[in-house]
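To keep things clear, I will list the structure first and then write my remarks on it.
Proteins get letters first, then strands, A, B, ... in listed order; numbering begins at 1 in each. Since we're looking at a predicted model, the values are computed, not measured.
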2 protein chains.
Amino acid sequence: MNDQSTPSYRPLYQQIKEALVSRIVSGAWPPGTFIPSESALSQEYGVSVGTLRKAVDALANDHVVIRHQGKGTVVAMHDSDSSLFQFFHLMRLDGTRSLPISQVLLRERRSATVEEAKVLGIAANAEVVHIRRIRVLDEVPALLENLVVDAARFPALESEPQTLPNTLYQLYQQRFKQSVAKAEERLFAVAADAQDQKHLGVEVGSPLLEVRRIARGLQGEALEYRVSRCETQQHCYWNEL
Amino acid sequence: MNDQSTPSYRPLYQQIKEALVSRIVSGAWPPGTFIPSESALSQEYGVSVGTLRKAVDALANDHVVIRHQGKGTVVAMHDSDSSLFQFFHLMRLDGTRSLPISQVLLRERRSATVEEAKVLGIAANAEVVHIRRIRVLDEVPALLENLVVDAARFPALESEPQTLPNTLYQLYQQRFKQSVAKAEERLFAVAADAQDQKHLGVEVGSPLLEVRRIARGLQGEALEYRVSRCETQQHCYWNEL
DNA sequence: CAGTGGTCTAGACCACCGC
DNA sequence: CGGTGGTCTAGACCACTGA
């Protein structure tokens with residue numbers, strides 16, 4: 001919900017939500033740390049607990065923060081089971097899900113294409129880091145991923161760390177202080193080309209599911225543009241409405 | 001009264017939410033009608049306004065009900081613009097969306113297949129109504145839909161009404177008192193067959209997006225099983241994470 | 001046990017709608 | 001103007017956690 005049409009009046013809890021987000025973005029509360037208790041925060045901001053709760057509720061709803069009754073509220077990390085599957089919608093035909101392991105095929109720094117620059121919101125000839133990898137599920141190549149990020153936002157990603165982790169968003173968060181908070185995906189059915197044949201072991205021309213994802217940070221900035229091609233004999237893309 | 005000392009603790013607002021849902025399901029508040037005001041309902045249930053609000057908030061979040069500040073809260077109808085697109089995730093490549101018009105190709109009553117019976121939760125040889133239609137977007141055939149519903153739950157749907165409306169969920173709600181509240185979709189990439197060629201005008205073997213949807217009612221019962229095949233040259237499937 | 005988040009209350013005031 | 005939902009308060013008690 002994003003209407004800035006009425007600058008006249010803004011609910012307190014929304015202002016506080018944004019204040020909390022910027023404190024997280026600033027690095028004052030790194031992922032994995034517990035934020036102050038609700039009563040402490042309500043005193044700090046000079047509002048009632050109920051109002052502060054509404055702000056934190058909104059953050060928890062956006063998966064920015066995770067509540068734990070009796071313990072406290074922790075800034076979401078991209079390695080907790082709960083958030084691992086937020087951006088991974090492939091599942092086996094029987095409904096079970098697990099994360100694929102990955103094998104990097106290409107990793108380079110180059111100029112952005114027109115499309116990439118537009119999606120990432122960077123200058124026309126700015127540099128990007130391009131990673132291509134294949135992801136293996138149940139010992140079968142399931143996904144061929146191509147992703148680009150702004151090289152200025154992710155410095156030296158083309159060479160460091162030497163080996164890339166399975167879950168890149170975790171790396172983005174820990175090494176580059178960039179948390180992926182939401183994403184938009186557009187899905188297409190496409191015909192496999194020679195590259196798909198080589199890496200996924202499918203016939204040229206056979207149908208593949210192509211997922212084009214724009215991953216965004218806590219404040220809506222585009223962080224990554226990712227195009228994945230997936231075989232849907234063993235797996236499918238799952239969605240709840 | 002609010003005693004109900006349940007063995008396992010359940011928050012009051014959840015109990016009230018369910019009470020409200022069953023009143024909607026029972027037909028006491030048909031879609032489109034305004035439910036009583038929050039203060040009236042809080043008195044009726046003997047709880048504070050805040051607690052009742054939390055119940056209604058949950059309903060609004062599930063799109064069961066729509067709030068209108070200054071007017072009241074209305075039971076969701078499947079013809080309001082806001083809910084029309086809840087279950088329709090196809091959009092043009094430029095991001096705009098509109099609803100397709102439809103043309104019925106087949107409409108019959110027959111025995112359920114094993115898969116259909118399992119999905120709909122009905123007996124192995126129970127009867128279903130099967131509707132096949134083609135949906136046209138921007139004057140181009142975009143979707144080939146096949147859907148089945150339990151014939152017992154939707155009596156005489158195979159023949160009445162004589163002409164089917166564009167938005168079937170509206171018909172389900174108005175004529176059969178069955179509101180689709182949520183759905184699960186599984187997406188696949190498939191190769192077009194002769195039937196797809198005939199109706200969508202694509203080459204046999206060309207890639208299509210297949211969407212298999214289970215539509216569920218207010219209390220989770222499977223109402224409809226729908227398999228759609230879609231051309232993704234002009235359109236794509238859109239999702240937000 | 002003290003401290004956290006989760007529920008619930010009773011009331012105040014504000015923004016909005018329709019008459 | 002009265003009635004609706006939306007915000008906010010101040011405080012109580014409950015359920016859960018960990019030392």
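Relative ring orientation between Y169(B) and F87(B) is described as perpendicular, the plane-to-plane angle rising above 60° on a 0-90° scale split at 30° and 60°.
Phosphate proximity of dC8(C) to T51(B): absent, as no side-chain N or O sits under 4.0 Å from OP1 or OP2. Phosphate proximity of dT4(C) to S37(A): present, with a side-chain N or O under 4.0 Å from OP1 or OP2. The phosphate of dA10(C) has neither OP1 nor OP2 within less than 4.0 Å of any side-chain N or O from S48(B). Contact annotation: Y13(B) side-chain N/O to dT7(C) OP1/OP2 distance is under 4.0 Å. An OP1 or OP2 oxygen of dT7(C) is reached within less than 4.0 angstrom by a side-chain nitrogen or oxygen of K54(B).
In this structure, CZ of F34(B) is placed 11 Å from P of dT4(D), rounded to the nearest angstrom. Atom CG in L12(A) sits about 17 Å away from atom P in dC13(C), given to the nearest Å. Here the C1' atom of nucleotide dT7(C) and the CD atom of Q14(B) are 11 Å apart, to the nearest Å. The interatomic distance linking R53(A) (CZ) with dT7(D) (P) rounds to 16 Å, in whole Å.
Counting non-hydrogen atoms under 4.0 angstrom, V49(B) reaches nothing in the nucleic acid.
Salt bridge E185(A)/R212(A): absent, no basic N to carboxylate O contact under 4.0 Å.
In this structure, of dC8(D), dA10(C), dG6(D), it is dG6(D) that holds the atom nearest to the side chain of E38(B).
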- [ ] Applying side-chain contact (heavy atoms from CB on, under 4.5 Å), run through D138(A) and R92(A) and close with a yes or a no.
- [x] CA-CA 10 Å; D138(A) 301 326; R92(A) 298 190 191 86; 2.6 Å; yes
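Listed in residue order, the members of residues 70-79 of chain B having a heavy atom less than 4.0 Å from DNA chain C are G70(B), K71(B). Residues from residues 59-69 of chain B that place a heavy atom under 4.0 Å from any atom of DNA chain D, listed by number: R67(B), H68(B), Q69(B).
Surrounding CD of Q219(A) are more than 12 heavy atoms belonging to other residues, nucleotides or ligands, all under 6.0 Å away.
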